Amino acid sequence: MLGLGKLSPEDRKVVVRARLLGRFLTQPFSPPNNFTGLTGKLVSLKDALDGCERILHDEFKTTRRVSLYDRANQ
């Protein structure tokens, strides 16, 4: 893939959205509680799709990808 600097501004937006969506959708469904101390959290389909739409509408365009990981319903 080309570096972001070599892409058109519109293509850069697409790449940023794709990266945010990838991080948002890569959530642990049932983390190994014994090892992490974290309990899993079930998120409704409606909430998951709402989060995807918010990302696609650039609501999180200045948010770091790591901030979208493991943020169920927050």
Side-chain angles (χ1 to χ4, degrees):
M1 180 173 154
L2 297 172
L4 278 178
K6 297 191 185 241
L7 297 175
S8 70
E10 190 58 36
D11 286 344
R12 269 184 256 152
K13 285 182 183 180
V14 171
V15 170
V16 169
R17 286 182 196 130
R19 289 178 176 173
L20 288 171
L21 277 171
R23 193 54 150 165
F24 180 73
L25 293 171
T26 308
Q27 304 289 326
F29 289 105
S30 181
N33 194 14
N34 297 345
F35 302 106
T36 65
L38 301 172
T39 55
K41 194 170 196 180
L42 185 62
V43 178
S44 72
L45 178 59
K46 179 188 174 299
D47 288 341
L49 293 176
D50 178 60
C52 290
E53 280 193 31
R54 292 171 65 194
I55 290 169
L56 292 173
H57 289 112
D58 289 331
E59 190 172 324
F60 300 103
K61 66 181 174 184
T62 60
T63 303
R64 294 177 51 221
R65 277 185 286 165
V66 69
S67 300
L68 292 178
Y69 183 71
D70 206 17
R71 304 297 299 178
N73 290 338
Q74 294 182 8

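Hydrogens, waters and symmetry mates are skipped; everything else that's a heavy atom, side chains included, is used. Because the structure is a prediction, the values reported are computed rather than measured.
In the hydrophobic clustering of this structure, V14 does not group with I55; members are Ile, Leu, Val, Met, Phe, Trp, Tyr whose side-chain heavy atoms approach within less than 4.5 Å, directly or through other members.
Taken to the nearest 0.5 Å, the CZ atom of R17 stands 7.0 Å off from the CG atom of L56. With values rounded to the nearest 0.5 angstrom, K61 atom NZ is found 11.0 Å from T63 atom OG1.
A side-chain contact (heavy atoms from CB on, under 4.5 Å) with C52 is found for one member of D47, L20, L21 and no other, namely L21.
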